[in-house]
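No experiment lies behind these values; they were computed from the predicted model shown.
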2 protein chains.
Amino acid sequence: MTLATPEAARPYHHGDLSRALVDAARRILETDGPAALSLRAVAREAGVSPAAPYHHFKDKSQLLEAVAHEGWVALDAALMKARQDSDDDRQRMTNLGVAYVSFARDNPALYRVMYDRSRDKDALPDQMKEEGAYCQVRNTIAHAAGSGVSEIDLELATIAAWCAAHGLAEMSGFKQFTQLKALLGGEEAFLKAVFDHLGMFAKLDRG
Amino acid sequence: MTLATPEAARPYHHGDLSRALVDAARRILETDGPAALSLRAVAREAGVSPAAPYHHFKDKSQLLEAVAHEGWVALDAALMKARQDSDDDRQRMTNLGVAYVSFARDNPALYRVMYDRSRDKDALPDQMKEEGAYCQVRNTIAHAAGSGVSEIDLELATIAAWCAAHGLAEMSGFKQFTQLKALLGGEEAFLKAVFDHLGMFAKLDRG
DNA sequence: GATGTTATCTAAGCGTCGTTCAGATGGATC
DNA sequence: GATCCATCTGAACGACGCTTAGATAACATC
């Protein structure tokens with residue numbers, strides 16, 4: 001019940017405790033939310049003593065860092081998938097946005113850990129900018145904008161889109177919007193409508 | 001050094017402890033950040049025992065609720081001020097956005113408490129929708145859009161603008177953007193450029 | 001195969017936290 | 001002046017993050 005991997009009973013030195021700890025943390029996040037995520041609880045869930053994690057992570061925040069990293073990887077995958085099934089550039093951007101917010105809706109605790117860590121460090125993960133989700137959005141915008149757009153405008157448009165998606169991801173579940181969602185015919189229609197209004201191609205539309 | 005109000009020494013039953021506690025909490029937030037904001041620290045700062053706050057607030061989250069409320073009121077005021085000094089509608093929206101993000105930059109800990117509380121309740125404060133900052137944004141958009149815009153479009157545009165501002169507020173301090181900021185000539189130019197790209201009037205521009 | 005080294009884990013403890021409860025204190029009411 | 005009630009204190013509980021000292025077992029060397 002407390003074992004991370006369903007392997008043989010007690011591998012003495014456990015074999016791969018760091019892995020098991022991260023898994024345990026994600027399990028606690030999913031079932032009981034971020035408030036329940038204490039280091040002691042993670043150790044309990046993994047079946048080890050409260051001090052054991054300190055041989056694999058400097059402190060609690062470093063464990064959360066590892067958890068957050070897996071979150072960003074998962075978000076990468078989700079956006080990658082959303083980017084593929086569409087041909088129209090504008091629609092592709094909307095799909096990306098919807099996929100982003102959906103990821104946050106489906107993994108609220110994980111998403112929160114990801115941004116809590118980012119805010120503590122005052123930075124997104126480095127990989128984001130080079131080969132990660134952030135880069136996917138920029139590439140999509142670049143493709144839509146063509147060759148006439150400047151580097152700076154490209155960067156600004158990416159930031160604008162990303163900020164909007166993040167803001168919507170944090171707020172789309174708020175009670176204030178339930179009525180409007182129903183009026184528009186559901187969650188997804190609501191998200192699409194907001195992204196439509198956001199006009200991630202605003203500058204391009206204006207010329 | 002620990003007195004909330006510089007009044008006479010020890011008003012026995014303190015006089016107005018709830019007020020003093022909220023003040024103490026805000027003082028701790030400003031100086032030491034959200035991580036240092038424990039109930040015991042607040043009580044210490046206010047010069048009372050750790051149990052005293054429980055006669056004025058049901059628990060810690062209720063004290064934070066009161067702190068957050070003052071934050072929203074302050075944000076109201078900041079947006080109200082920003083809305084006034086401008087005549088062009090488009091520029092007025094940009095001013096609102098810049099004022100919003102600036103508020104978050106100048107009161108990072110307070111802003112974090114405000115949204116942490118909101119996310120825990122899955123709702124923005126009720127007053128926001130009726131007479132608060134959120135309503136100010138909607139009114140400004142309504143004024144800009146004229147009488148031809150539908151209620152739904154108005155609401156969607158407000159949500160889009162608000163989400164974008166919130167996202168930018170949480171991320172504008174990230175290290176990834178420092179280079180771009182310098183290139184554009186400072187923080188405010190950066191914010192204006194992003195809001196320009198966001199095109200809060202995207203739908204209107206397209207017709 | 002015995003020995004020593006090193007990584008891994010446990011037990012116990014420190015200080016802090018949120019919260020509760022029994023009792024002290026004192027302002028207000030009659 | 002006695003009573004009442006809101007307010008405050010002191011002490012305690014369990015849980016937390018983290019440290020330290022010591023046990024355990026995998027591994028490398030001879």
Between OH of B:Tyr54 and P of D:dA6 the distance, given in whole Å, is 20 Å

| message | More than 12 heavy atoms of other residues, nucleotides or ligands under 6.0 Å from CG of B:Asp106: yes or no? | response | yes

Testing D:dT7, C:dG18, D:dG17 for proximity to the side chain of B:Lys60, the answer is C:dG18

At under 4.0 Å, does any side-chain N or O of B:Arg44 touch on OP1 or OP2 of C:dT16?
no

Taken to the nearest whole Å, NE2/A:His55 to C1'/D:dA21 is 11 Å

From CG of B:Leu21 across to P of C:dG18 the rounded distance in Å is 13 Å

query: Salt bridge or not for A:Asp23 and A:Arg19, using N-O below 4.0 Å?
result: yes

Report yes or no: does A:Arg83 contribute a side-chain atom to a donor-acceptor pair with the main-chain N or O of A:Gln136 at less than 3.5 Å? yes

Rounded to whole Å, the CG-P distance (B:Asp32 to C:dC17) equals 12 Å

Here the distance between atom P of C:dT8 and atom CZ of A:Arg19, to the nearest Å, is 16 Å

From CG of B:Asp16 across to P of C:dG27 the rounded distance in Å is 16 Å

- So does B:His56 get a side-chain nitrogen or oxygen closer than 4.0 Å to the phosphate oxygens (OP1/OP2) of D:dA6? no

If you compare every side-chain N and O of B:Ser38 against the phosphate oxygens of C:dC17 (OP1, OP2), does one of them come in below 4.0 Å? yes

Rounded to whole Å, the CG-P distance (A:Leu63 to D:dC18) equals 10 Å

- Neighbour count >12 (heavy atoms, 6.0 Å) for atom NZ, A:Lys181: yes

Note: for A:Ala51 and A:Ala36 on DNA chain D, the residue whose nearest nucleotide lies more 5' is A:Ala36

Practice problem: May I ask you to check whether A:Trp72 and A:Tyr115 place their ring centers less than 6.0 Å from one another? | Solution: yes

Ranking C:dG18, C:dT10, D:dC18 by distance to the side chain of A:Arg40, first place goes to D:dC18

Rounded to whole Å, the CG-C1' distance (A:Leu17 to D:dA26) equals 16 Å

